[in-house]
Amino acid sequence: MAYRWTNTLTHDDVTPRGAYLNRRQIMAGMAGLGLAAIAPKAQAAADLTPSEYDVITQYNNFYEFGTDKGDPAKHAHRLTTKPWTVTIDGMVDNPGDYAFDDIISKMTIEERIYRFRCVEAWSMVVPWNGFELKDLLDLAGVQSSAKYVAFETLYRPEEMIGQQRPFLDWPYVEGLRLDEANHPLTIMATGIYGKDIPKQNGAPLRLVVPWKYGFKSIKSIVRITLTDKEPPTSWNKAIASEYGFYSNVNPEVSHPRWSQASERPIGGGLFTKRIPTLMFNGYEDEVAGLYEGMDLAKNF
Ligand SMILES: Nc1nc2c(c(=O)[nH]1)N[C@H]1C(S)=C(S)[C@@H](COP(=O)(O)O)O[C@H]1N2
Ligand SMILES: [Mo]
C-alpha cells in the first residue's frame with residue numbers, strides 16, 4: 001500500500017500556521033494567496049512525492065487551448081482571469097453571481113497533496129491549494145431537492161482558441177452527485193505549490209476530485225448549478241460508450257481501448273516504470289461508501 005494515504009480532516013490534524021509557513025517558506029508567492037492553517041498530519045507521513053512544478057504546468061489537458069499536451073502552456077496566457085465571476089444557481093437559497101475575490105475571502109485555503117490519474121493512464125502527484133467545495137455550496141445554501149451539481153467552464157473563443165473548433169460541444173461541462181460534491185476530499189483548487197493556479201491548470205478556480213479520472217476535474221469554472229437531474233458531461237456527450245458519468249478510477253474496469261490496471265507517472269524520464277493503479281486512485285477507504293450496492297462496471 002505504498003501509495004495510500006489517509007486524509008483525516010479533523011481540527012486536531014491542522015498544523016499551526018507558523019509551523020506550516022516555516023516548512024514552506026521556500027515557496028514563492030504565498031503572501032498573495034492568503035494561505036491559512038493546513039496540511040493534515042497524515043499528509044506529512046504519506047509516501048507521496050509531488051511532481052515537479054514544470055511537469056504539472058507544462059503537460060496538460062485543456063482542450064479549450066488545443067489538444068496537444070504542450071498547447072495549454074503555450075496558449076492559455078491569452079485568458080483573462082480578472083475579474084472572474086462564478087454564477088451559482090438552480091436549487092439554492094442564495095443564487096447569484098459570486099465574485100472570485102469575495103469567494104476566496106470567505107474560504108479557508110488549505111494544501112492538499114493528491115494523486116491525479118488521467119483516464120489516458122498517466123498520473124502525477126499535485127500539491128494543490130484550495131478549499132472544500134462543500135464550503136462554497138454551504139454559502140450558496142443547497143436546497144433539499146438538489147441531488148446533483150453541474151459545472152461549466154468559461155466559453156470565450158476569442159481567448160480560448162481551441163473553442164474555435166468544434167472538438168467538443170463547448171462549453172466543457174461536468175457534474176457530480178451531491179454527496180460526491182460534499183465529500184471532504186472534493187476541492188476547488190486555486191493554487192499549485194503555493195502559487196496562484198496557472199491558467200493552463202484551470203485558473204482561477206477548478207474542481208479537483210482525486211478518486212475520479214482527471215476529466216471530471218473541470219477547469220476555469222464560471223457556473224455551478226444545483227439540480228435534481230444527472231447533469232450532462234462533456235466526455236459522456238462526446239463518446240458515451242467510453243466515458244460514463246461516474247468515472248471513478250478503477251483498475252478492474254478497462255477503457256474499451258486500453259487497460260486501466262496500471263499508469264505511467266509523468267516526469268520521471270524515459271525509463272519510468274508503470275505503477276499499479278489503485279481502486280478509487282488510492283482513496284478507497286474514504287469514498288467506497290459512496291458507491292455501496294452499485295455495480296461499478298455498469299456505472300463506470
Ligand atoms: N475545461 C476543461 N477542463 C478539463 C479539461 C479540458 O479539456 N477542459 N481536461 C480534463 C482532463 S482530461 C484532465 S486529465 C485534467 C488535466 O488537468 P491538468 O492539466 O491540471 O493536469 O483536466 C481536466 N479538466
Ligand atoms: Mo484526462
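Count residues from 1 along the sequence. Whatever order the structure lists them in is the order used to number ligands and atoms, beginning at 1.
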Other than F300, which residues form its hydrophobic cluster under the rule that side-chain heavy atoms must be closer than 4.5 Å? V253
Assess the residue pair N248 and L290 against the criterion (side chain to side chain contact (heavy atoms under 4.5 Å, CB included)); give the C-alpha distance rounded to whole Å, side-chain angles, the decisive distance to 0.1 Å, and a yes or no. CA-CA 11 Å; N248 293 313; L290 295 172; over 6 Å; no
Determine the minimum heavy-atom distance between P198 and Y53, stating which atoms define it. CG-OH, 3.6 Å
List the closest protein heavy-atom neighbour of [atom]: residue, atom name, distance to the nearest 0.1 Å.
atom	value
atom 3 (N) of ligand 1	K219 N, 3.1 Å
atom 8 (N) of ligand 1	E64 OE1, 2.8 Å
atom 21 (O) of ligand 1	F116 CE2, 3.8 Å

Looking at non-hydrogen atoms alone, which of W128, Y172, Y59, Y63 comes nearest to atom 4 (C) of ligand 1? Y172
Kindly identify the option in N201, N61, T57 whose heavy atom sits closest to atom 12 (S) of ligand 1. N61
Distance under 4.0 Å to a non-hydrogen atom of T153: what atoms of ligand 1 satisfy this? 1 (N)
Counting from 1, what ligand 1 atoms have a heavy atom of C118 closer than 4.0 Å? 14 (S)
Between E132 and R112 (salt bridge meaning N to carboxylate O under 4.0 Å), is one present in this structure? yes
Any salt bridge linking E64 with K219? Criterion: basic side-chain nitrogen under 4.0 Å from a carboxylate oxygen. no
At a 4.0 Å cut-off, with the gap strictly under it, does some heavy atom of S217 reach an atom of ligand 1? yes
Just to check, does R206 reach to within less than 4.0 Å of ligand 1 when the distance is taken from its heavy atoms? yes
Validation: residues 158-166 side-chain donor-acceptor distances under 3.5 Å, sequence neighbours left out:
unit_1: E159; atom_1: OE1; unit_2: T80; atom_2: N; d: 2.7
unit_1: E159; atom_1: OE1; unit_2: T80; atom_2: OG1; d: 3.3
unit_1: E159; atom_1: OE1; unit_2: R156; atom_2: NH1; d: 3.0
unit_1: E159; atom_1: OE2; unit_2: T80; atom_2: OG1; d: 2.7
unit_1: Q163; atom_1: OE1; unit_2: R156; atom_2: N; d: 2.8
unit_1: Q163; atom_1: NE2; unit_2: L154; atom_2: O; d: 3.0
unit_1: Q164; atom_1: NE2; unit_2: P157; atom_2: O; d: 2.8

Logged contact type for Y213 with ligand 1, heavy-atom cut-off 4.0 Å, is neither
Reported CG-to-CD distance for the pair N281 and E286, which is rounded to 0.5 angstrom: 11.0 Å
Before signing off on this row, confirm whether N60 and ligand 1 have an N or O atom pair separated by under 3.5 Å. yes
Is there a polar contact between ligand 1 and W235, counting only N or O atoms under 3.5 Å apart? no
Does the ring center of Y213 lie less than 6.0 Å from the ring center of Y243? no
